[in-house]
Structure formats: structure tokens, C-alpha cells
Amino acid sequence: MAPISLATPHAGSLAASLAQSLRIAERRAADGATAVFRTDVVFGLSQPQKAVPPKYFYDETGSRLFDLICRLPEYYPTRCELEILKTRAAEIGALAGPRASLVEFGSGSSIKVRLLLDAMDKPAAYVPIDISGPHMRAAVARLAEAYPGVAMVPVEADFTQAVRLPPLGEGRRVGFFPGSTIGNFTPQAATAFLAHVGDVLGPGSALVIGFDLAKDHAVLEAAYDDRHGITAAFNLNLLARINREVGADFEPGGFRHRAFFNADESRIEMHLESVRKQEVCIGRHHFAFARGETIHTENSYKFSAAAVLAMVRHAGWRQRVLWTDPKGWFAVAALERDGEGR
Ligand SMILES: C[S@@+](CC[C@H](N)C(=O)[O-])C[C@H]1O[C@@H](n2cnc3c(N)ncnc32)[C@H](O)[C@@H]1O
């Protein structure tokens, strides 16, 4: 039989059927993700304190709104963390060593990682892991142009689930978890997550991670309730997403953004507050809201240096150093895991 060349009708139909299989697989994965989203929303809205997990903020609109939040004058965490990373880039580069692979958890627009890649000695690979797939892939395409020598391996996944890293080179594996996204977990879940990150990265790895520190309540509350209403739009976009993707009937204007510091828990809480008595339906599920009742959408814990140290130790990491910005508002920790590195 003649070998199949790319020009034969065989190859054409083979390619078409492969593309169709791929589309079917992608559709099934998307249907599966939507079913999980629906289950999480129905479960969350059935609790005495209604809640939706913050990972659902990040559809394409949510990811774009988060980028705008990072540029707000009130939103100090991005500026403070960038300042620390710029100042400490050379030390982070030395910690990583030659030909290291950088694995970023919740990479967003992959802006901060540039400071690390610039400081590293011939970085081998960059593996961003993010739940917001199209936004991540667009960011990685921009990064690939600037760093042609670095293998870009984006992974669209929920980083709390089992994540299998692609085969990486011989250099050290360095995790990067900026933005104080760790603060979205309760302390217990944060410790478990850090242990999970250690398992994903393996023995001998390092982790560079950002923590937002406790500070004046007015500064904290302004950062999560800016005067231009961008954070409000980010929070309310969750309801638009739930309407679109799981067929709910939240009325635009039926809820408003609320953010406040809960001193007992040392966390900012974001909620969506019902402005009137109302009912919301998802298929056969009906959810009654009293006026003033809220959906809890996010926690953002604020840490002390002592709390960071205790948590990372519990999770099996050794804290090599904790850097802060001059105001002491934000901290970046460099952590190491014992064992033979790869
Ligand atoms: C607070 S933003 C931080 C973005 C960026 N790292 C920074 O420092 O500006 C959180 C990022 O994590 C992603 N994310 C949130 N929950 C996630 C999850 N469970 N799995 C994967 N990515 C997640 C979001 O899509 C978003 O890009």
C-alpha cells in the first residue's frame, strides 16, 4: 500500500476526523466543567451562609477586571509585591540556580514572572497553571515572544486538584505563587495547599510566595472597595457568569458589592448583598434571599510574619527568608523543600 502523504485525501480525512475527535473531547471537558460549576453553585447557595468559591470569578471578563484592579491606586498588593520582587530578583535567581523550571500557580497575566525570568540563569521552562484558560494562553503567547529560549508549557487546571507536571529539565523546580492568592484559603486549607504544592514540585524544590500582611483597616477596605467600582464589577460579574453558564436568573441590580475587614478572622470578606427580598432559580432549585442577605464570595486573609512561618513549617517547607516592602505591607517568602533536587 502506498504510504500516506499529507497531500492524499486520506490524510485530509484523517486530519478532519482527528480535529472532530478533539472538538468532541473539548466539548465533553467543557460540559463536565459546567456540571461541576452548577453543582458547586447549587451547593453553595443551599448553605445557611450562602457562598460561591472565588475561583469562579475568573472567566475572561473576571480575569480582565482583575488586571484593572491591579492597576488601581487603592490596590497596594501588586505594587508592594513588584517592589519586593524587583529588589530581590538577583537573590531569587541565585536560589533557582541554572536551567531551573518555573511553575506558577494562578499565573493570571504572567506579569510578575518576567522579573524572575530576567534574573534567572538560562531558565529552561515556564509552566503556568491557571483555571482561566484563554486568558492564560494569551498571556503566555506574549511571554513566549519575549523569552524565545524558555519552553512555555501552559496547564489549564484547578491547582487544588492533582496536577501532573510535564517532564522538565535537570534544573531546580521553582514554584511561584504571587498575589497573596494563598489568602483566599482558610488557614487550614492554606497549609494543606502548601503541602500539595510541595508534592507537585517534588523534593529539593523551592517556592517563592507572596503574603499580604495585616495593616490599617481603612487601607485594607479601600483596596477591596475602590472608588471607581472596578472591584464591585469584578464581584458582580460572578452573577452574570452564573446566569450565562448555569442558567440562573439573578437580576442585574438585585445585588450590591460589599467588602469589610473581619478582625476576628484577620481577613477581608467580599460579599454580594441582596438589595431586596427576592428569589433566584437554577432549574428546579429555588433560593430565597431576605433583604440584606449575602452570598460570601471571597476571603482574603491578612498574615503576620509569625503566622507565615508557622504555616509553611506545618506544610513541610523550610523558610529561607521573608522579605517585606519598606512599608511592611506585603511579604514574599523564599521556601525550600528538603531532598535531592531534579
Ligand atoms: C488573585 S489572581 C493573581 C494573579 C497573578 N498571579 C498576580 O499575582 O497578579 C488569582 C489567579 O489565580 C487563578 N486561580 C484562582 N483559583 C484557581 C484555581 N483553583 N486553580 C487555578 N487557578 C486559579 C485565577 O484565574 C487568577 O489568574
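Bear in mind the structure is a predicted one, so any value in this text is a computation, not a measurement. Remember, it's 1-based here, ligands and their atoms both numbered in the order they're listed.
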Exercise for review: Anything under 30° is parallel, anything over 60° is perpendicular, the rest tilted; go ahead and classify Phe211 against Phe303.
Suggested key: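 Perpendicular: the ring planes of Phe211 and Phe303 meet at over 60°.
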
**Study point:** With Arg258 via salt bridge (charged side-chain N to carboxylate O under 4.0 Å, His left out) - residues at least two apart
**Key:**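 Only Glu273 meet the salt bridge (charged side-chain N to carboxylate O under 4.0 Å, His left out) criterion with Arg258.
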
Point to revise | Partner set under side-chain contact (heavy atoms from CB on, under 4.5 Å) for Pro166, not counting sequence neighbours | key: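 Listed in chain order: Val127, Val153, Leu168.
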
Practice item. Flag the pair His314 / Gln188 as yes when at least one side-chain heavy-atom distance between them is below 4.5 Å, and no otherwise. Key: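 With C-beta onward as the side chain, the pair stays apart.
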
Can you give me every donor-acceptor pair (side chain of residues 88-100, partner residue at least two apart or in another chain, under 3.5 Å) with its distance?
unit_1, atom_1, unit_2, atom_2, d
Arg88, NH1, Glu91, OE2, 3.1

For ligand 1, list every N/O pair with the protein closer than 3.5 Å, one pair per line with the distance.
unit_1, atom_1, unit_2, atom_2, d
ligand 1, 6 (N), Gly106, O, 2.7
ligand 1, 8 (O), Lys112, NZ, 2.7
ligand 1, 8 (O), Gly179, N, 3.4
ligand 1, 9 (O), Lys112, NZ, 3.3
ligand 1, 19 (N), Asp158, OD1, 2.9
ligand 1, 20 (N), Phe159, N, 2.8
ligand 1, 22 (N), Ile131, N, 3.1
ligand 1, 25 (O), Asp130, OD1, 2.6
ligand 1, 27 (O), Gly108, N, 3.3
ligand 1, 27 (O), Asp130, OD2, 2.7

**Study point:** Polar contact flag, side-chain donor to acceptor under 3.5 angstrom, Asn243-Asp249
**Key:**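 Distance-only check fails for Asn243 and Asp249.
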
